[in-house]
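Chain identifiers are assigned alphabetically (A, B, ...) following the order of the sequence lines, protein sequences preceding nucleic acid strands; residue numbering begins at 1 within each chain. Predicted, not measured: the structure shown is a model, and the values here were computed from it.
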There are 2 protein chains.
Amino acid sequence: MTDDDRVFKALADPSRRFLLDLLFARDGRTLTELESALAMTRFGVAKHLRVLEEAGLVVTRRSGREKLHFLNPVPIRQIHDRWIDKYTEHQITTLIDLKHTLEEES
Amino acid sequence: MTDDDRVFKALADPSRRFLLDLLFARDGRTLTELESALAMTRFGVAKHLRVLEEAGLVVTRRSGREKLHFLNPVPIRQIHDRWIDKYTEHQITTLIDLKHTLEEES
DNA sequence: TTGACAGGTGACCTATTAGTCACATAACTT
DNA sequence: AAGTTATGTGACTAATAGGTCACCTGTCAA
């Protein structure tokens, strides 16, 4: 399994994306804290976090008996750079900003 | 199935990512042209293109009996914006540029 | 040191998915 | 009209992934 394969497989599951959302909002959470936010057993959450960690989307640090989880944005940025060149990036950003503006006005 | 679910599921397969790579290099290709680049039957490729189209990653236009395929970068940019804020984006871009520079020197 | 707390492992069942095939439709060419 | 080219559909099989459970290791506190 290649590196980017691991990243995309990891992102394919909605529970794992939700975990990334939680860590994007606030870093450094423990398994137990993350578990309480999902309707799933601790084992399920641990399994998902392991997949995210092996993909490099989450990095961890041990502190005593706790394991702290942090979001790593590098793989996300690499996905972006794979299919969006500098020229298109500017156009697309403008387009999305315009979309947001129109949605707020309606 | 939600919209973003379709996008991430679509990106989870290496053949589909390769199809996006082909379209990123050059847009407006037909099924038959794309098929010749993969070690897979036409049916398999057609199925993958359908998944990409339903996810909005590929948009199509008919021209006679041919169906032309184009890459749509919008969903990719939205993945980026979901987990990378403006502040982090600048840091991470600098970091990745530095990484490329170091790799070229070695 | 005893109990409670935080996390890890391997097996198991179920549901989903990738890829192929036989068959069908539609458009271009001569 | 007839043959060729480009694409679409539904069923089928084998492989993979999500979630749970019983059980285990390591850390903290009194």
Side-chain angles (χ1 to χ4, degrees), chain A residues 1-23 26-71 75, chain B residues 1-23 26-71 75:
Chain A
M1 171 123 55
T2 63
D3 273 6
D4 69 291
D5 216 31
R6 262 184 286 272
V7 172
F8 287 105
K9 284 263 168 63
L11 290 173
D13 183 87
S15 299
R16 287 196 285 266
R17 292 197 297 275
F18 183 61
L19 285 170
L20 293 181
D21 289 338
L22 291 174
L23 293 178
R26 181 167 51 79
D27 260 332
R29 308 206 204 199
T30 64
L31 167 60
T32 308
E33 184 180 355
L34 291 167
E35 172 209 337
S36 67
L38 294 229
M40 194 186 300
T41 62
R42 178 172 59 83
F43 311 99
V45 178
K47 213 170 190 177
H48 284 309
L49 286 172
R50 185 160 175 266
V51 173
L52 288 169
E53 190 173 356
E54 286 178 348
L57 286 161
V58 163
V59 292
T60 58
R61 180 163 56 82
R62 291 209 77 101
S63 167
R65 62 179 165 181
E66 292 183 331
K67 189 175 180 182
L68 307 180
H69 299 79
F70 300 86
L71 175 64
Chain B
M1 172 125 52
T2 61
D3 272 7
D4 70 291
D5 215 32
R6 262 184 285 271
V7 172
F8 287 105
K9 284 263 169 63
L11 291 173
D13 184 88
S15 298
R16 286 195 287 266
R17 291 196 298 275
F18 183 61
L19 285 169
L20 293 182
D21 289 339
L22 291 174
L23 293 179
R26 182 168 49 81
D27 260 332
R29 309 205 203 199
T30 65
L31 167 61
T32 307
E33 184 179 355
L34 291 167
E35 173 210 337
S36 66
L38 296 227
M40 194 187 299
T41 62
R42 179 174 57 82
F43 310 98
V45 178
K47 213 171 192 178
H48 284 308
L49 286 172
R50 185 161 174 266
V51 173
L52 288 169
E53 189 173 356
E54 286 177 349
L57 285 160
V58 163
V59 291
T60 58
R61 180 164 54 82
R62 291 211 76 103
S63 167
R65 62 179 165 181
E66 292 184 331
K67 190 175 180 183
L68 308 180
H69 299 78
F70 301 85
L71 175 63

Minimum heavy-atom distance B/A55-B/V7, with the two atoms named: O-CG2, 3.4 Å
Nearest atoms (heavy-atom pairs only) where A/D5 meets B/A12: OD1-O, 4.3 Å
Taking every non-hydrogen atom, the tightest pair across B/H69 and B/T60: CD2-CG2, 3.5 Å
Phosphate OP1/OP2 of D/dT7: any B/T32 side-chain N/O under 4.0 Å: yes
Nearest listed nucleotide, side chain of B/F43, among C/dA22, C/dA6, D/dA6: C/dA22
Axial bend angle, the helix from C/dT1-D/dA30 to C/dT30-D/dA1: five-pair end segments, nearest 10°: 30°
Integer-rounded Å distance: D/dA17 C1' and B/D5 CG: 14 Å
Atom-pair distance (CZ on A/R42; C1' on D/dC21), nearest Å: 11 Å
Within-4.5 Å side-chain heavy-atom neighbours: B/K67 and B/E53: yes
Pairwise 5' ranking along DNA chain D for B/T30 and A/D13, keeping only the more 5' one: B/T30
For atom CZ of B/R50 and atom P of C/dA18, their distance in whole Å: 12 Å
Closest approach of B/L11 to B/R17 (non-hydrogen atoms, all atoms of both residues): O-NH1, 2.8 Å
Heavy-atom closest pair, residues B/R16 and B/A10: NE-O, 2.7 Å
Atom pair distance, as rounded to whole Å: CE in B/M40 and P in C/dT20: 6 Å
Any side-chain heavy-atom pair of A/E33 and A/R26 under 4.5 Å: yes
Interatomic distance where CE belongs to B/M1 and C1' belongs to C/dT17 [whole Å]: 11 Å
D/dG19 OP1/OP2 closer than 4.0 Å to side-chain N/O of A/H48: yes
For atom NZ of A/K9 and atom P of C/dT17, their distance in whole Å: 13 Å
Residues within residues 54-64 of chain A bordering DNA chain D, heavy-atom distance below 4.0 Å: A/G64
Heavy-atom donor-acceptor pair, A/S63 side chain to A/E66 backbone, under 3.5 Å: no
OP1 or OP2 of D/dG8 under 4.0 Å from side-chain N/O of B/K67: yes
B/D27 atom CG, over 12 foreign heavy atoms within 6.0 Å: yes
Residue-phosphate contact under 4.0 Å: A/R16 side-chain N/O, D/dG18 OP1/OP2: yes
Atom-pair distance (CZ on B/R65; C1' on C/dT29), nearest Å: 8 Å
Spacing between A/L68 atom CG and D/dT27 atom P, to the nearest angstrom: 15 Å
Sugar-phosphate only, base, or nothing, as touched by B/K47 at under 4.0 Å among non-hydrogen atoms: base
A/E54 versus A/R6, closest heavy-atom pair with distance: O-CD, 3.5 Å
N or O in side chain of A/T41 less than 4.0 angstrom from D/dG19 OP1/OP2: no
